[in-house]
Every structure is written in C-alpha cells, then in structure tokens.
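Below is one structure; the comments refer to it alone.
What you see is a predicted model; the values in this text were computed from it and never measured. Letters go in sequence order (proteins before strands), and every chain restarts at 1.
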Number of protein chains: 2
Amino acid sequence: MSENSQFTKNSVEPYYGYSIPINEFFRCALSVDCTIIGYDKGDLKILLIKRGAEPFKGQWALPGDLMYPYENLDQAAERVLSHLTGLEDVYMDQVKVFGEVNRHPVGRVITVGYYSLVNIQDYKPKASAWAHQLDWHLVDELPELAFDHNQIVTAALTVLKERIWKDEIGFELLPEKFTLGQIQALWETILQEKFDKANFRKKLLSSQSLIPLNENQQNVSHRPAKLYALCNKDK
Amino acid sequence: MSENSQFTKNSVEPYYGYSIPINEFFRCALSVDCTIIGYDKGDLKILLIKRGAEPFKGQWALPGDLMYPYENLDQAAERVLSHLTGLEDVYMDQVKVFGEVNRHPVGRVITVGYYSLVNIQDYKPKASAWAHQLDWHLVDELPELAFDHNQIVTAALTVLKERIWKDEIGFELLPEKFTLGQIQALWETILQEKFDKANFRKKLLSSQSLIPLNENQQNVSHRPAKLYALCNKDK
DNA sequence: TCAAAAGTGTTATAGGTACACCCATGT
DNA sequence: ACATGGGTGTACCTATAACACTTTTGA
C-alpha cells in the first residue's frame, strides 16, 4: 500500500463499479528507460547519464524520459536514444514494465524498459542540458543506479541472452565488417561461456546469415582473418 | 499525432527542459487486460466478457481493469482474475505493453497484457456487475474484440508457444492427474503441429518433470493409460 | 623461430526422426 | 473380432562436442 494514496484496498470494487472518481485513475505518468548496450575491446558496456536534478541528483541512471502526450512508447524510446547518441534505426526492443507503487518519489510513474544495441564506433556523444555527464560503464562494474534501474539492466541482459541465438542479434554491436573470431568473442562475453572455435564457426556459417567478403584483416600479428558482413535479414 | 492533445512534436524539448507543465505528464491511466486461456476437449478457449458500458458497449473484450493507485500491475492482474474466476495462485505472466496514443477513446490508457492458464474444470464462473456475460470462446473463432484486444490475444498466444518447451508450462491447463496422450494432444493444439507418439513420450519422460502414479484411466474403450502428476517445480 | 590467432578435418556420441509392432480395453 | 488409443523397440540420421592438426602473419 502506498503512502501517497488515500485509497485502501477495502474501499474499492472492481470495474464499472468504481468507488473512487474516474479522474483518480488518470494520474499516472509513463516513462521509458533505455539500457543502451555497447561492446568495446572485449567488454560489454552500458551508457549511463549522471542526473542533474532531483530526485537522485548526482547519481548515475539509465537514460530515459517521460512519454509525451502525442507519442507512443516506441517513439519515446527512439527519441531518447536519438537525442543521446544521434543514432537512428538502431535495434531496440521492449524488455518489461516496471510498475511498483513507490518506484518513483515524485508520483506514480510506470516505466517501460527498453534495450538497444549500438556499435560504439558509430556512437557520437551528444551532451545536452539533461545529460550533464554521460559515460560508458563496464557491465560488471555498474554503480548503484537511481530508481529501480539496476533491476532494469538485469532484465535487459537476460532478454539479450535469451534472444541472441534465436534471433541472431548481437551483430549490431560490431563494426560493419567483422571476423568470425570477433563474433565468437562477443557472444562469449554476452553469454559468459566459452565455445569451441571449430564448432562455433561451423554452426554460424551453416546458418547462411553471413556474407563472406573478399577482404582480410590488416596489420595483425597473426594470420589475418577473412571479413564477413551480415546478410540483409529476410526473416 | 493524437487529436486529443494540444501538443505538437516541435513544441517540446527533452528531459528536464520540459516545454509543457509537468502535470500534463501525469494524465495517463494504466490498465491490465488478461488473456485467460483454457483447454477443453481438444480445444483452446479464451474467456471473454461482454462489455456492459461504453465504450464498445455490447462488444466482447478481454477481462481487464484500471490499475488502482494503491496496487502494482501484477496485483491488478491477479485481482481481475480472482474476481472473475475465483481462482488464486494461477499461472500468470506479462506479455507486452500496448501504448498507442489513441488506443482508448476515453483518454490516454496504456495497458499491460497478461496471460494466464487455467484448468476449465476448476473454473467457477462468477458473473458480476461489471461482467454481465462471460463465456469461453474457441481460439480460432474469436469475434472482433473491443480496443486492441485481438492484438493482445495474438501476442499472448505467441508468448505461450515460445515458452511451452523452455519453461514446461501448459500443464496448468490439464487436470491434476493426466495421461501422456492428453499432454501430447494439448501441445499439438497449442503449437499447431503433430508429434510422433513414441518420440514425444520419450522426450517428456526423460525431462524428469513428471511423476508416474500407480493409477490408470478408467472407463475408456481402449487400453487404459497410466496417470501422471506434475513434479513440484524446483527450477 | 616463435607466439598468436586463423582455419580445417576426424571421430564419438547424444538426440531426434521414422516407423513397425504389440497390448489392453469396451463394444 | 475389431476399433481405438496406449505403450515400446530399433534402425537411421543429424547436430554437436572434443580435440588434433595445419596455416599465415608480425615481431
């Protein structure tokens, strides 16, 4: 039971027999919070902002915003991401809704968690009034975040793990041209698991989702690897 | 862009630079809509109510309700289900959020889709003021539903299919004691796919999630099948 | 010449598919 | 006797796991 509500469970009847004025229901705000995941030299990172205003002023948080009256949730999430990174057409998806009564001190704010995968090389930081400071943080060294944002990150990473094999995502975290070794290292980082090199590449190549390029790695102190590109997804 | 909003995209700035009063954000309501799935003699069914009030008066809809100020989303969903069926401790899970701007004619209502699985035999209908009429409808013969409820049902069924193997759910739709043939028929109905009898039972029995009982089917005009019960889930 | 990572082949095994067959019961 | 669904065994095939080996580069 929330302290910021004068209504108790016993005072209400369900549906069309509302014991409180209908207007009392229209007092929620919706927000989106984005877990923006990047990959850099073998490490998974999350883009965080330092909050410039109360509540949780000075604390790190996921970039997010209230949903405006004219937009739907997906649009709000895309707006947050594009304002922050300047990137458009980035992979994004819903994770889960977080609706605990007291999760936001200012009022009843229900948030929808999103996650997106960006290639850190493409990312151009755009500091702005609402994001005084923003930085990539190592995924296993996250500070304590504002609100329930640590929970949102955890849920986002779980969803990513579940979807990586099935939907063949994750390539968004790599440059356009990549080697099989890079994919393997990335998936091993995400799934926290080691794979046999030979078996991994057999499986990946048989999936028909990679295009082999006529190009090799350069300036590496070992046999240069063949570069691949992602097939335009048909499914 | 919604017609019931006086705000346009160009008039706003993101986050902490709000160009509209903060109160304008706290005008949403949250609702839950439950896709209650049952299984009866080889058919999947969904429990629908006939709406007794505008909007969409007289039209079939998913049972749902606005979320009260004192409760969180899961609690709201449990309340809807328990008021409707009298059942407690039923399998339930979030499906997805539906937040299109104009999805609800009365105002900005964002709904969270839930789905739950109930054994029709245990179900005791509880007609009430808000549900004048309620009935099970065959899943492939659903009428046109109020709001975006057809979309919610589709999403719920997709989630069910995705989770059935991984999480070994679906048993909730069967009586406490069941035969392997019954499970196979159920899964074939849900997944719209036929399985080889021998292979299906090998796979299921090797999963260690069923307890064989010392009991058989009775009064069937063929060899009576052994009854099984679901193992208390440990994972 | 060495380290380091790319890249390939071979074998064993587990799991899945297809299908044939027998069993117990009510009518 | 037969229809109906329960229940089992076997042979085959494919996916994958384990591991050994060769190749190409920079230092």
Side-chain angles (χ1 to χ4, degrees), chain A residues 39-43 161 164-168 170-171 174-230, chain B residues 39-43 161-162 164-168 171 174-230:
Chain A
Y39 178 71
D40 187 32
K41 303 189 200 76
D43 292 311
K161 285 183 199 171
I164 194 168
W165 278 109
K166 203 171 76 69
D167 301 344
E168 296 204 319
F171 302 100
L174 294 173
E176 215 178 314
K177 301 170 178 180
F178 47 80
T179 71
L180 295 182
Q182 286 174 312
I183 309 179
Q184 186 176 345
L186 168 63
W187 286 30
E188 287 177 349
T189 304
I190 293 176
L191 296 169
Q192 307 251 59
E193 201 179 338
K194 285 280 171 194
F195 300 108
D196 180 273
K197 199 202 336 167
N199 299 331
F200 184 85
R201 48 173 58 221
K202 262 179 253 167
K203 186 162 177 181
L204 210 62
L205 290 173
S206 72
S207 80
Q208 305 284 330
S209 51
L210 299 184
I211 308 165
L213 304 173
N214 288 322
E215 239 179 301
N216 286 344
Q217 259 185 326
Q218 302 215 321
N219 300 318
V220 283
S221 75
H222 53 77
R223 176 172 170 181
K226 196 183 194 68
L227 291 171
Y228 290 82
L230 188 57
Chain B
Y39 178 69
D40 188 31
K41 303 187 199 74
D43 293 312
K161 284 183 201 170
E162 283 172 3
I164 194 167
W165 280 108
K166 204 169 77 65
D167 301 345
E168 296 204 320
F171 302 100
L174 294 173
E176 215 179 312
K177 301 170 179 181
F178 47 79
T179 72
L180 295 181
Q182 287 174 313
I183 309 180
Q184 187 176 344
L186 168 64
W187 286 29
E188 286 177 347
T189 304
I190 293 176
L191 296 168
Q192 309 250 57
E193 200 179 336
K194 284 279 172 195
F195 301 108
D196 179 272
K197 200 203 333 171
N199 300 330
F200 183 85
R201 46 174 60 221
K202 263 180 254 166
K203 187 161 176 182
L204 209 62
L205 289 174
S206 73
S207 79
Q208 304 285 329
S209 50
L210 298 185
I211 308 165
L213 304 173
N214 287 322
E215 244 179 299
N216 286 342
Q217 257 185 330
Q218 302 214 321
N219 302 316
V220 283
S221 73
H222 54 75
R223 174 172 170 180
K226 197 183 192 66
L227 291 172
Y228 290 83
L230 187 56

Q. Under 6.0 Å from the CD atom of A:Glu176, do we count more than 12 heavy atoms belonging to anything else shown?
A. no

Q.
Nearest whole Å is fine: how far is D:dG6 P from B:Leu204 CG?
A. 14 Å

(Q) Pair B:Phe178, B:Leu186 - check side-chain contact (heavy atoms from CB on, under 4.5 Å), show working. (A) CA-CA 11 Å; B:Phe178 47 79; B:Leu186 168 64; over 6 Å; no

Q) Between A:Leu204 and A:Tyr228, is any pair of side-chain heavy atoms under 4.5 Å apart? A) no

**Q.** Interatomic distance, A:Gln217 atom CD to A:Gln182 atom CD [nearest 0.5 angstrom]
**A.** 6.0 Å

Q. Between A:Leu205 (CG) and C:dA6 (P), how many Å, whole number?
A. 13 Å

**Q.** Contact letters for nucleotides 15-27 of chain D, in which S counts primed atoms plus P, OP1 and OP2 and B counts the base, heavy atoms under 4.0 Å
**A.** -SBBB---BBBS-

Q. Hey, does B:Asn216 have a side-chain heavy atom less than 4.5 Å from the side chain of B:Lys226?
A. yes

Q.
For A:Gln218, is the CD atom crowded, meaning more than 12 foreign heavy atoms sit under 6.0 Å from it?
A. no

Q. With side chains defined as the heavy atoms from C-beta onward, is the minimum distance between B:Thr179 and B:Leu227 less than 4.5 Å?
A. yes

Q.
In whole Å, I'd like the distance from the CH2 atom of B:Trp165 to the P atom of C:dG15.
A. 14 Å

Q.
Please report the interatomic distance CG(A:Leu180) to CG(A:Leu210), rounded to the nearest 0.5 Å.
A. 6.5 Å

Q.
Does anything in residues 174-192 of chain A come within less than 4.0 Å of DNA chain C? Heavy atoms only, and list the residues if so.
A. A:Gly181

